Amino acid sequence: MTIQFRPNDPAFLADPFAVYQQMRDEDPAHWSASLKAWVLTRYEDVKRVCLDSRMSSDRLRPFFAALPGAEAERMRELIRVLTLWMVFRDPPEHTRLRRLASRVFHVRSIHALRPNVEALTQWLLERIGSRTEFDFIAEFAGPLPALVIMDMLGVPRGELERLKRLSDEMALFIGSARDTVGKYDRAEAATREMAELFRALIAERRASPRRDLLSELVHLDDDGERLSEDELVATCVLLLFAGHETTTHHLANGLAALMRFPDQLRQLKANPGLAPAAVEELLRYDGPIGAQVRIVQDEQTFHGRAFGPGERVFLMMNAANRDARAYADPDRVDLGRNGVPHLTFGFGAHICLGFPLARLEGQIALPAVLARWRGLEPAGGRTEWLDSMVLRGMKAFPIAVRH
């Protein structure tokens, strides 16, 4: 039976898991003509590539280098910012950028945010008030992580709507598998505007430091090594973009999964102490990261197929997380599950820098949402999923609640 892997098909975007199972079982090293890339779906294969230094994360610089001069000039700011993101760099550049950022963005600094996350969670829930139906993403899962990361970086809360719009425009380039009309121009304009905002904030913090993460980054000195101005801007844009987009979809996908398994929802509602285990299981079951991409450096073989130098490899994180070779009954949410760690945030040197923050927000927000109402369920209607290979999430998530 021929595998119908159509990454832009709305039916696949809504529910890719049956196709993933077929790929894992019948063609675990799949060549996608539409992506012009290899696609890996098994847990051990994805983990192996995550740990393999011969698989490069530097996928943007070769893409930009191949552009005609006029096209590259048109995307100058996009190139300038994104090529300095640590997620698109290999050692030793990745090692240096991550080490410097980790000096201020670490587990202790993230756990110090707990009171702010709790306060913002309650504030957003109170704003929803007595309504019986609302869009969970627009009114809760979207604003919460954005406001948390904005507070960390000292960005005024009044910038929320603008930054969300700019982030969505950037996502057209970073996460979309489709050539949306004008996506390069829109992503360039959004990146330029966001970079200008951070350059102004960085200048303010140089002149007058405050008690925020941005001031720490600006004044960071690691034995004489510092982030350059462009690296500071790029790191801030990365933290803002990655720090809220993925967590928004983690919260929404997680709540949708609990609604699909009401026995597990009831368990978490009755025992909020299950939140750490629940967050890990929900991240495994339907995580916010659809794929990571690597570039083959040296020829390698997977399941009898040769991956040649320069070829792209899509690591399908959500497919790996549902691999029955790694997990018993993988298509079920089980808050008591024990086993190997999920791969949602990657593995090894490139594991997401902000994953402790996503975990913390999920552990606080999801029990608070369940405690707020006697009952929750999808409000009905067709759900539209993001047209993205990289991000896995819904555009909107209307829910109905009982007080």
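Predicted, not measured: the structure shown is a model, and the values here were computed from it.
- Sequence neighbours left out, the pairs with a member in residues 110-122 that pass side chain to side chain donor-acceptor pair (under 3.5 Å) are N116-D151.
- Taken to the nearest 0.5 Å, the CG atom of L255 stands 5.0 Å off from the CZ atom of F397.
- Salt bridge status for R332 with D334: absent, with no side-chain N to carboxylate O gap under 4.0 Å.
- For R337 and D329, the salt-bridge test fails: no basic side-chain N is under 4.0 Å from an acidic carboxylate O.
- In this structure, R260 fails the cation-pi test against Y285, since its NZ or CZ atom is not both closer than 6.0 Å to the six-membered ring centre and inside 45 degrees of the ring normal.
- Checked for salt-bridge contact, R103 and E225 miss the test: no charged N lies under 4.0 Å from a carboxylate O.
- The shortest side-chain heavy-atom distance between N321 and Y327 falls under the 4.5 Å cut-off.
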Residues 235-243 side chain polar contacts: donor-acceptor under 3.5 Å, at least two apart:
unit_1: T235; atom_1: OG1; unit_2: E231; atom_2: O; d: 2.8

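- Pairs of residues two or more places apart, or lying in two chains, that qualify as ring-ring contact (aromatic ring centres under 6.0 Å, His included) and include a residue from residues 121-168 are F134-W373, F136-F140.
- Salt bridge present: R76 and E73 bring a charged side-chain N and a carboxylate O closer than 4.0 Å.
- With respect to R54, the side-chain hydrogen bond (donor to acceptor under 3.5 Å, both in side chains) criterion is satisfied by exactly one of Q300, E299, Q297: Q300.
- Side-chain contact between L144 and H244 is absent, with no heavy atoms from C-beta onward closer than 4.5 Å.
- Put simply, the side chain of D286 reaches to within 4.5 Å of the side chain of F17, judged on heavy atoms.
- Aromatic pair Y20/F12: ring centres closer than 6.0 Å.
- Residues P288 and T344 meet the side-chain proximity criterion, which asks for heavy atoms closer than 4.5 Å.
- Listed by first and then second residue, the side chain to side chain donor-acceptor pair (under 3.5 Å) pairs involving residues 308-320 are W38-E311 (not counting sequence neighbours).
- Between P145 and G142, the shortest heavy-atom distance links the atoms CD-O, 3.6 Å.
- Ion pairing between D212 and R210 fails under the 4.0 Å rule for side-chain N and carboxylate O.
- Of the residues L265, L282, D263, the one that meets the side chain to side chain contact (heavy atoms under 4.5 Å, CB included) test with V333 is L282.
- Atom OG of S167 and atom CD1 of I149 lie 11.5 Å apart (nearest 0.5 Å).
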Item checked: CA sep, side-chain torsions, deciding dist, call: N8, L13, side chain to side chain contact (heavy atoms under 4.5 Å, CB included) -> CA-CA 7 Å; N8 293 131; L13 292 168; 5.7 Å; no
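- Contact annotation: the side chain of L353 approaches that of S102 to within less than 4.5 Å [non-hydrogen atoms, C-beta and beyond].
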Next item on the list: May I have the step-by-step check of side chain to side chain contact (heavy atoms under 4.5 Å, CB included) for F347 and V46, ending in yes or no?
Entry: CA-CA 9 Å; F347 205 82; V46 170; over 6 Å; no
Note to self: Could you go through M316 and M389, starting from their C-alpha distance and side-chain angles, then the distance that decides it, and tell me whether this counts as side chain to side chain contact (heavy atoms under 4.5 Å, CB included)?
What the structure shows: CA-CA 9 Å; M316 311 310 288; M389 291 289 293; 3.9 Å; yes
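- Of all heavy-atom pairs between H403 and R374, the closest is O-NE, 2.8 Å.
- Closest approach of M317 to G346, counting heavy atoms only: CE-CA, 3.9 Å.
- Comment: R199 engages D230 in a salt bridge, judged by a side-chain N to carboxylate O separation of less than 4.0 angstrom.
- The backbone N or O of L315 lies less than 3.5 Å from no partner atom in the side chain of R294, so there is not a single donor-acceptor pair.
- Contact check on R284 versus E281 returns a salt bridge, with a Lys/Arg side-chain nitrogen under 4.0 Å from an Asp/Glu carboxylate oxygen.
- Between the CZ atom of R61 and the OG atom of S56 there is a distance of 8.5 Å, given to the nearest 0.5 Å.
- What you find for L153 and R205 is that their closest heavy atoms are O-NH2, 4.1 Å.
- Atoms CG and CD1, from L283 and I289 in turn, are 9.5 Å apart once rounded to the nearest 0.5 Å.
- Contact annotation: the side chain of V279 approaches that of H250 to within less than 4.5 Å [non-hydrogen atoms, C-beta and beyond].
- Atom CG of residue L82 and atom CZ of residue F88 lie 5.5 Å apart, to the nearest 0.5 angstrom.
- Shown here are the salt bridge (Lys or Arg N to Asp or Glu O under 4.0 Å) partners of R131, two or more places apart in sequence or in another chain: E139.
- Between R325 and D25 there is a salt bridge, with a side-chain nitrogen of the basic residue lying less than 4.0 Å from a carboxylate oxygen of the acidic one.
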Next item on the list: Apply side chain to side chain contact (heavy atoms under 4.5 Å, CB included) to R74 and E188, showing your working.
Entry: CA-CA 8 Å; R74 217 174 85 224; E188 162 69 19; over 6 Å; no
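- Salt bridge annotation for R192-E196: absent, with no cationic side-chain nitrogen under 4.0 angstrom from a carboxylate oxygen.
- For the pair E280 and P276, the minimum side-chain heavy-atom distance is 4.5 Å or more.
- Between R89 and L84, some side-chain heavy-atom pair lies under the 4.5 Å cut-off.
- Scanning all heavy atoms of the two residues, the minimum distance from G362 to P367 falls at O-CD, 3.6 Å.
- The side chain to side chain contact (heavy atoms under 4.5 Å, CB included) check on Q4 picks up T2, R6, with sequence neighbours excluded.
- Across A368 and L125, no two heavy atoms sit closer than the pair O-CD1, 3.8 Å.
- Put simply, CD on E169 and OG1 on T191 are 9.5 Å apart, with the number rounded to the nearest 0.5 Å.
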